[in-house]
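Every number for a ligand or one of its atoms is a count from 1 in the order of the listing. All values derive from a computational prediction rather than experimental measurement. We're numbering straight along the sequence, starting at 1. FYI, side chains are in, hydrogens and waters are out, and symmetry mates aren't considered; it's all heavy atoms of this structure.
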Amino acid sequence: MSAAPSPAVSPPEPCSRVAARLAEALRHGAVITRSEELKPYECDGLSAYRATPLAVAIPTSEEEVAAILKVARETSTPVVARGSGTGLSGGALPLTDGILMSMAKFNRIVHVDPLARQARVQPGVTNLRISQHVAPLGLYYAPDPSSQIACSIGGNVAENSGGVHCLKYGLTVHNILRVRAITIEGDAIELGSEALDAPGYDLLALATGSEGLLAVTLEVTVKLLPKPELAQVVMASFPDVESAGDAVANVIGAGIVPAGLEMMDKLATRAVEDFVHAGYDLEAEAILLAESDGTREEVEHEIAKISEVMRASGATDIRVSSNDAERLRFWSGRKAAFPVVGRISPDYYCIDGSIPRGALSHVLKRTEEMSGKYGLRCANVFHAGDGNLHPLILYDANVPGELERTEAFAAELLELCIEVGGTITGEHGVGIEKINQMCSQFGSAELVQFHAVKAAFDPVGLLNPGKAVPTLHRCAEYGAMHVKAGQLPHPELPRF
Ligand SMILES: Cc1cc2nc3c(=O)[nH]c(=O)nc-3n(C[C@H](O)[C@H](O)[C@H](O)COP(=O)(O)OP(=O)(O)OC[C@H]3O[C@@H](n4cnc5c(N)ncnc54)[C@H](O)[C@@H]3O)c2cc1C
């Protein structure tokens, strides 16, 4: 099988002409071209990589999105859609010769149907706002990334985002019904339907997690769930991370599916406790937080079962939240953990890989060994129940060589995820960050098919090019399948 042929594109037009055409196309939206105003758009949450786009376009209507895509098409200029820029894999990193299209003005909740338990929302609406908006109806939107106060539903769809409650309620893909989008060619498409099933191929699932490579999302229909009568959290302390890892496998093995099952190691609990005062056991090498929700009887029964399994797996202390304020306090440290590690390290690098739950204790042990090998501290805070790891490597970008060692550490960890039968991404996407490891995860035949899917939606290759799916040429160069220290995912991108 050969690689998908590159479509013929005309040479790009000078930046100033593209910006002028954008300004002509937008009647109400804004076009930013001044270098100091472009600065906030230079990176997403993966701030080690930055690039200045030739212009930022901020459309206010679907007509303006179509007009921007028309300019892009006619001038052969790449376009990167951006939600809130909280992505951690560089998905919304601009291209220096491209337009960055911010969807921030698409921030309306269009319609709520409490009977059907659905809401139609624009892509720039933040994840948390949906739940806040429908709370008076006794409803909520289940996927809850820790960034939910800021991240947009358009970004959630593009990354197939998860969160604490996804163990029981599923990822974004399981909680949306329909996406309306526009292709680079200006065609409006409807993926899925507001009924429970849609005819034809499941293109909604294909588009969810496609990292802005296939189309620009204009509207999302999300499912809403009734708020459970009661929720309680078990907080269990463990003398080592391995026994905490085993406890996770044992809980699931006992047939329990908690509403959330998260782990934090000692480095993480110590970092967050001073800030959030969640009441974590600072002597424990690891703590587990397991939530149960449902009717009062269901919760009582499940909490007792979870506590029993935790104790049998070696828990040294178990506490159960006695009211909702305490439950939220237990979660507060977990939710704030990523930014809060900034208190103990100038920089951190958040990795996202998934592994079979049974491999947890092995992978945590290997992570500790790698931490010693690279001479870098690593805090573990993660969705343990889903086997979705988030090792946070702590480094100082101002110390020569530390970022390079961090990248090599991260690459080795991702290769370990593949080795134990897992994947290189759990919920943060591939972006530019993990593009080399895609070459290890997939063979050339699969990558060729991924390019064919992209070409079916975007034959001119202008939507977020260079992200998520590596070229075969790149994989051939990566060859040895191991990143060498200092090797950038994109050597041409400046690093700060
Ligand atoms: C502190 C912190 C905690 C986090 N916790 C979690 C977590 O628990 N779970 C989790 O899954 N993630 C988490 N993330 C990662 C991030 O918040 C998610 O990936 C989120 O979905 C990104 O949304 P965004 O609006 O910021 O998207 P952006 O970062 O702006 O973009 C992400 C991708 O979506 C594409 N995109 C955005 N909008 C559109 C659109 N309208 N049409 C087409 N493509 C689009 C972009 O091109 C890009 O590829 C966390 C991030 C931070 C900083």
N/O to N/O below 3.5 Å, does that happen between Gly85 and ligand 1? yes
Enumerate the atoms of ligand 1 whose separation from the nearest heavy atom of Ala92 is less than 4.0 angstrom. 30 (O), 31 (O), 48 (C)
Indicate yes or no: does an N/O atom of Pro123 lie under 3.5 Å from an N/O atom of ligand 1? no
Answer with side chain, backbone, both or neither: which part of His428 has a heavy atom less than 4.0 angstrom from an atom of ligand 1? side chain
Shortest protein contact, atom 41 (N) of ligand 1 (heavy atom only): Thr217 O, 3.2 Å
Numbering the atoms of ligand 1 from 1, which are under 4.0 Å from a heavy atom of Gly91? 47 (O), 48 (C), 49 (O)
Do His165 and Glu291 have a side chain donor and acceptor closer than 3.5 Å? yes
Any idea which atoms of ligand 1 are less than 4.0 Å away from a heavy-atom of Ala215? 43 (C)
Nearest neighbour in protein (non-hydrogen) for atom 22 (C) of ligand 1: Thr86 OG1, 3.4 Å
From Gln122, Arg129, Arg120, residue fulfilling side-chain contact (heavy atoms from CB on, under 4.5 Å) relative to Ile109: Arg129
Between the candidates Ala336, Ser102, Ala81, which shows the shortest non-hydrogen contact distance to atom 46 (C) of ligand 1? Ala81
Looking only at protein heavy atoms, identify the closest one to atom 25 (O) of ligand 1 and say how far it is in Å. Ser152 OG, 2.6 Å
Describe, in one word, how the ring planes of His390 and His428 are oriented to each other, choosing from parallel (under 30°), tilted (30 to 60°) and perpendicular (over 60°). parallel
Would you say ligand 1 has an N or O under 3.5 Å from any N or O of Arg82? no
List the steps and the verdict of salt bridge (charged side-chain N to carboxylate O under 4.0 Å, His left out) for Asp352 and Lys434. CA-CA 10 Å; Asp352 163 53; Lys434 300 174 199 154; 3.2 Å; yes
I need the nearest protein heavy-atom contact for atom 35 (C) of ligand 1: residue, atom name and distance, please. Ala158 CB, 3.4 Å
Before giving the answer on side chain to side chain donor-acceptor pair (under 3.5 Å), spell out for Asn127 and Asp144 the whole-Å C-alpha distance, their side-chain angles and the decisive distance to 0.1 Å. CA-CA 7 Å; Asn127 172 293; Asp144 54 348; over 6 Å; no
Tell me whether Gly87 has any N or O atom under 3.5 angstrom from an N or O of ligand 1. yes
Would Gly45 count as a contact of ligand 1 if the rule is a heavy atom under 4.0 Å away? no
Proximal ligand 1 atoms for Asn156, defined as those under 4.0 Å from one of its heavy atoms: 20 (C), 21 (O)
The protein heavy atom nearest to atom 21 (O) of ligand 1 is Ser161 OG, 2.7 Å
Taking N or O atoms only and a 3.5 Å limit, does Gly162 qualify as a polar contact for ligand 1? yes
Need the ligand 1 atom indices (1-based, order shown) with element for anything under 4.0 Å from a heavy-atom of His383. 8 (O)
For Asp458 and Leu462, indicate whether the former's side chain and the latter's backbone hold a donor-acceptor pair under 3.5 Å. yes
Arg343, CZ atom: more than 12 neighbouring heavy atoms under 6.0 Å: yes
Shortest protein heavy-atom distance from atom 44 (N) of ligand 1, along with the residue and atom involved: Gly212 CA, 3.5 Å
dist Glu402:CD -> Leu394:CG (nearest 0.5 Å) comes out at 10.0 Å
State whether the shortest distance between N or O atoms of Glu211 and N or O atoms of ligand 1 falls below 3.5 angstrom. yes
Between the side chains of Gln441 and Thr423, does any donor sit under 3.5 Å from an acceptor? no
Pick, from Ser147, Ala181, Gly155, Ser210, the option with the minimum heavy-atom distance to atom 14 (N) of ligand 1. Ser147
Might you work through the ring-ring contact (aromatic ring centres under 6.0 Å, His included) test for Phe450 and Phe442, ending with a clear yes or no? CA-CA 10 Å; Phe450 291 169; Phe442 295 103; 4.9 Å; yes
For ligand 1, is there an N or O atom under 3.5 Å from any N or O atom of Asp144? no
Could you tell me whether the side chains of His28 and Glu64 share a donor-acceptor contact shorter than 3.5 Å? no
Is the closest side-chain donor-acceptor distance between Tyr349 and Glu433 under 3.5 Å? yes
Thr221 and Gln118 side chains, donor-acceptor separation under 3.5 Å: no
No-hydrogen, no-angle side-chain donor-acceptor test under 3.5 Å, Glu427 and Ser161: no
Answer yes or no: does atom NZ of Lys168 have more than 12 heavy-atom neighbours from other residues, nucleotides or ligands under 6.0 Å? yes
Any chance CD1 of Ile149 has more than 12 other-residue heavy atoms, nucleotides or ligands included, within less than 6.0 Å? no
Short version for Val157: what comes under 4.0 Å of ligand 1, heavy atoms counted, is neither
Is it the case that ligand 1 has an N or O less than 3.5 angstrom from some N or O of Gly83? yes
Where does Met103 meet ligand 1, judged by heavy-atom distances below 4.0 Å: at the side chain, the backbone, both, or neither? side chain
Please state which protein non-hydrogen atom is closest to atom 8 (O) of ligand 1 and give its distance, to 0.1 Å? Ser146 N, 2.9 Å
Could you tell me, atom by atom, which parts of ligand 1 come under 4.0 Å of a heavy atom of Val216? 42 (N), 43 (C)
Interatomic distance, Leu414 atom CG to Ile424 atom CD1 [nearest 0.5 angstrom]: 6.5 Å
If the cut-off is 4.0 Å to any non-hydrogen atom of Asn464, which atoms of ligand 1 fall inside it? 47 (O), 49 (O)
Starting from atom 3 (C) of ligand 1, find the nearest protein heavy-atom neighbour and note its residue, name and distance. Phe338 CD2, 3.5 Å
